[in-house]
Amino acid sequence: MEERYDFKAVEEKWQREWERTQAYRVHEDVERKKFYCLEMFPYPSGNLHMGHVRNYSIGDVLARFKKMQGYNVLHPMGWDAFGMPAENAAIQRKTHPATWTWSNIENMRRQLKRLGMDYDWTREVATCSPDYYKWTQWLFLLLYKRGLAYKGEGAVNWCPSCATVLANEQVEGGVCWRCKTPVEKRRLSQWFFKITEYADRLLEDLELLEGWPERVKTMQRNWIGRSEGVEIEFIAEKTGDKIPVFTTRQDTVYGVTYLVLAPEHPLVEKLTAGTEYEREAREFAAKASALSELDRTTALEKEGMFIGAYAINPMNSQRVPLWIANYVLMEYGTGAVMGVPAHDERDFEFAQKYGLEVRTVIRRPDGSAPADPSEAYTSYGPMVNSGPFDGLAGKEALRAVADYMEEKGIGKRRINYRLRDWLISRQRYWGAPIPIIYCDQCGTVPVPEEDLPVTLPEKVVFTGTGPSVLEGVEEFVNTTCPQCGRAARRETDTMDTFVCSSWYYLRYTSPGYEDGPLSVASANYWMPVDQYIGGIEHAVLHLLYSRFFMKVLNDAGLVKEREPFKRLLTQGMVLKDGSAMSKSRGNIVAPDEIVEKYGADTARLFILFASPPEKDLEWSDAGVEGAHRFLNRVWRLVLRGPVGSGEPDPEVRRALHLAIKKVTEDIEERFNFNTAISAIMELVNTLYRAERVTEEALETLVLLLAPFAPHLTEELWHRMGKEGSVHTQAWPKYDPEAIIADVVEVVVQVNGKVRDHIQVPAGATRDDLAARALASDRVQSFIAGKEIVKTVVVPDKLVNLVVK
RNA sequence: GCCGGGAUGGCGGAACUGGCAGACGCCAUGGACUUAAAAUCCAUUGGGCUACUCAGCCCGUGCGGGUUCGAAUCCCGCUCCCGGCACCA
């Protein structure tokens, strides 16, 4: 009686064994080439979902593959454990965020172990553990010391549902990235990280990231939004105030017919003071700033008003009216723009609505320069009506005007970024406390390093209403000033969880290190992450913040690398019936259930086989069955043992070595696990059909499959009587001799249409091939009575006869 | 609106440098084994037409053109879908 593959017993057995032998522990070894394989660590929501399984299966295959190739592979796992849901759970279930989080971690760790991931669990980190957030706080202080952390007041994004502020990156289309609630604007004093100081480097170093998807780099480029231009100083007519205006189109400066200030622009108040416009302007500003971010993105109607004042264009001394309008943002550039309706769509729309003059100063390609155009012409062209600059065009015009302005002291070249500083304060309990103390005498005082961590008080009450929970905890708030010793108050805001996740990949390199956030030697050995794998949703958020942190730490001499992630793989979503799996849709397939029913190897194999990693994957129960069937097929094939005797069949040997080549290249160069698996399937089909199957063939099959199905292959390896773990064996190498075929099939075409297939010795000459093609009866029937005008020969592949 | 990515059988997908379109898997159908079923194994499986002995021809990779001996692949022009950004001056 043939023994069936008992996946349950086998998987449990080997998981126990790997744990017992500490099979996946990694140690630094400068003698060996390292490979750092990392998947984005999860938020411990309580249960793994299929997206996690996909993410971690991809990483696991790579890690195991690289290990077999002889690399010293760091493959760690941990928890992005601070965040809102824990507080919501605390309110709803009357539990403590820590209790909830730690029990979730425990469950998810169990689930990961059950999937057979080869993590070195001794390196596990959880960002909510004081051992970890002590160093998050330490890094905050590092940024503070380096002038990169500051408290500033400004209009900030407020999510009323999360009851906290958000960074710009965390507002998506006007709504909170997490809960989708429309975000409001509030003026608050908050902590920021000066990421803008690194804008140029974050942009430039994207060039170093050859292993990143172009799409992600484009998104980061757009987000940083560098634009080159000139800041021109207009002068307020009556008061003489300077009104700097940023433009990228200084070649249109002679076309300025008005100036627009942001409604909140500080000059508005001054210029309208005591005039008939004062009250209306104030009301207009109040209305504009009350707009939520969502309204801002949808309210397209441009509105504005004249504020009764004029400014002088420094280029031509022209007097232009001053307006305020809702489409000018105080946060970008100088909060004031020049109105050039002839050459800017927004200005044109605005000018049409309010009857402002449209003055053409750039000639169109057709040569026309209509006095009253019907639409804005926004491309480049020769300047007209522009005094000494007439005739200059494009880059040359931009340069000449900028030079002139700088020379005359009218304006200066400037580079503007769309990127804003990173707002990191959160009015939440479950986060890393910002290590700052406010003293009436000494002002803002950083907590001394030796006092870290500033730990979260455990005794807290979650009501679900009111301000930050920490504000109400007297024992936490009340402290003494580290400088003067007098009574002082602690900062009660905690840090954005993205701060915690901006450096975790470094902590893994020396997780128990007590003298700093990282051991410099360890970080320098392991960094950068050679392969990072995660969802595209972090294209800007986490991936930009982490790059920023890496650069700060590089400046501080803590790491020698400038970029944290050398290669990035963004995996697609796991869909069910065409849409993302979600609780509300009720189309969730739980990993635990699949593992229970088919085993971890099946789950992993299916998810890798169903689609290339970057594309979305449609879940299919039938597909899972197929993967399961295949594993059983391998089981039976290998246990059957070698077949026949004598010399190995060269065709089988060829198939074997072709499979090694294909699987190796697909994993290593293309991450096409689906085609790698299909190559293994083809090999299995070949071996089933073959009359002679060698021990070598079966052994190689098991090795090739090992990264994908770690439990099954480990069991087979031992049943074959082999020593040691299959996962510590050397990855098979193909023999280039073995894959050379003696005879190849060559396609014969007549006028590009396939008419015959001929068997010819490999390496036949062009003339020989052409002759053999002509010798074919079938081919003859197609060329009979016609003239051969051309013969195209692709050696070992194809002959094409062109006839007339 | 701008920037990216995509469209290939009933389905997921493959085709790496322009060279046999549809590998591999799923589904389906037929056969073998079995008292029967499951499991397993073998075979067929893009569409159409002519043959049904053995095959042969035509069409076919979102649409319309082009380059080429030859195009899923390159170029030009469109349609639709997905993602990102969106008054950024």
Side-chain angles (χ1 to χ4, degrees), chain A residues 2 4 172-174 213-223 225-227 229 245-249 252 260 262 296-302 325-329 331-340 344-347 349-350 416-420 536-537 539-540 572-573 605-606 609-612 614-627 629-630 632-633 636 662 665-666 669-670 672 674-685 688-689 745-757 778 781 789-794 797-803:
Chain A
E2 194 177 62
R4 281 214 50 153
E172 297 172 342
E214 210 44 56
R215 171 161 87 118
V216 175
K217 289 194 275 187
T218 304
M219 282 165 76
Q220 292 214 356
R221 263 182 216 114
N222 291 342
W223 189 263
R226 180 183 197 271
S227 57
V245 160
F246 178 73
T247 182
T248 55
R249 290 301 302 272
T252 65
V260 197
R296 277 228 146 166
T297 57
T298 47
L300 293 160
E301 181 65 14
K302 288 180 181 41
N326 60 356
Y327 72 94
V328 177
L329 307 172
E331 304 92 75
Y332 184 79
T334 61
V337 301
M338 56 188 214
V340 188
D344 182 285
E345 270 167 38
R346 290 156 307 175
D347 295 347
E349 195 189 319
F350 191 73
N416 247 310
Y417 297 93
R418 212 187 72 112
L419 180 73
R420 312 281 154 77
I536 186 79
E537 66 273 18
V540 173
M573 284 192 300
L605 192 78
F606 164 72
F609 178 64
S611 187
E614 304 208 72
K615 284 182 80 170
D616 286 349
L617 178 156
E618 176 67 29
W619 184 265
S620 150
D621 290 332
V624 178
E625 298 264 5
R629 245 190 318 260
F630 169 71
N632 275 294
R633 216 165 130 74
R636 287 190 301 271
K662 173 89 176 142
E665 289 171 358
D666 280 356
E669 291 162 23
R670 313 197 303 156
N672 280 10
N674 56 331
T675 51
I677 293 167
S678 82
I680 301 175
M681 288 174 169
E682 282 182 83
L683 175 63
V684 168
N685 292 343
Y688 260 102
R689 285 187 212 111
E745 192 180 78
V746 167
V747 170
V748 184
Q749 298 179 333
V750 177
N751 285 345
K753 289 193 170 155
V754 180
R755 296 304 182 188
D756 201 5
H757 298 90
R778 273 193 207 147
S781 71
V789 257
K790 191 171 179 181
T791 305
V792 181
V793 180
V794 182
K797 271 210 169 141
L798 166 141
V799 177
N800 187 14
L801 303 166
V802 186
V803 297

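Computed over heavy atoms, backbone and side chain alike; hydrogens, waters and symmetry mates excluded. Proteins get letters first, then strands, A, B, ... in listed order; numbering begins at 1 in each.
Side-chain to base pairing of A:Lys302 with B:C87: one donor and one acceptor N or O lie within less than 3.5 Å of each other. Between the side chain of A:Asn800 and the base of B:C69 there is at least one donor-acceptor pair of N/O atoms closer than 3.5 Å.
In this model, the phosphate group of B:A89 is approached by a side-chain N or O of A:Ser227 to a distance below 4.0 Å at OP1 or OP2. Neither OP1 nor OP2 of B:A39 sits under 4.0 Å from any side-chain N or O of A:Arg633. Dashed line: the shortest gap from a side-chain N or O of A:Arg418 to OP1 or OP2 of B:A86 is under 4.0 Å. Contact between the side-chain N/O atoms of A:Lys753 and the OP1/OP2 oxygens of B:C59 is found at a separation under 4.0 Å. In terms of phosphate contacts, A:Asn685 brings a side-chain nitrogen or oxygen within less than 4.0 Å of OP1 or OP2 of B:G25. The shortest distance between the side-chain N/O atoms of A:Asn674 and the OP1/OP2 oxygens of B:A14 is below 4.0 Å. Look at A:Arg226 and you won't find any side-chain N or O under 4.0 angstrom from OP1 or OP2 of B:C88. In terms of phosphate contacts, A:Arg221 brings no side-chain nitrogen or oxygen within less than 4.0 Å of OP1 or OP2 of B:C85. Using a 4.0 Å cut-off, some side-chain N or O of A:Arg670 falls inside it from OP1 or OP2 of B:A15.
Rounded to a whole angstrom, the distance from the P atom of B:C16 to that of B:C69 is 22 Å. Distance check on atom C1': B:U29 versus B:G10 gives 13 Å, rounded to whole Å. Taking atom C1' in both B:U44 and B:C52, the straight-line distance is 16 Å, to the nearest Å. Taking atom C1' on both B:C54 and B:C42, the two are 22 Å apart, rounded to the nearest angstrom. Of the P atoms belonging to B:G60 and B:G84, the separation is 37 Å, rounded to the nearest Å. Spacing between B:G22 and B:C27 at atom C1', rounded to whole Å, works out to 16 Å. Between B:A89 and B:G83, the two C1' atoms lie 27 Å apart (nearest whole Å). Of the C1' atoms belonging to B:U17 and B:A72, the separation is 15 Å, rounded to the nearest Å.
The residue among A:Ser620 and A:Met338 whose nearest nucleotide of RNA chain B lies closer to the 5′ end is A:Ser620.
The partner of B:A43, taking Watson-Crick or G-U wobble pairs whose two distances both stay under 3.5 Å, is B:U29. B:C63: Watson-Crick or G-U partner is B:G77, with both key distances under 3.5 Å. Nucleotide B:C85 is matched to B:G1 when pairs are restricted to Watson-Crick or G-U wobble geometry with both distances under 3.5 angstrom.
Nearest to the side chain of A:Arg420, among B:C88, B:C58, B:G13, sits B:C88.
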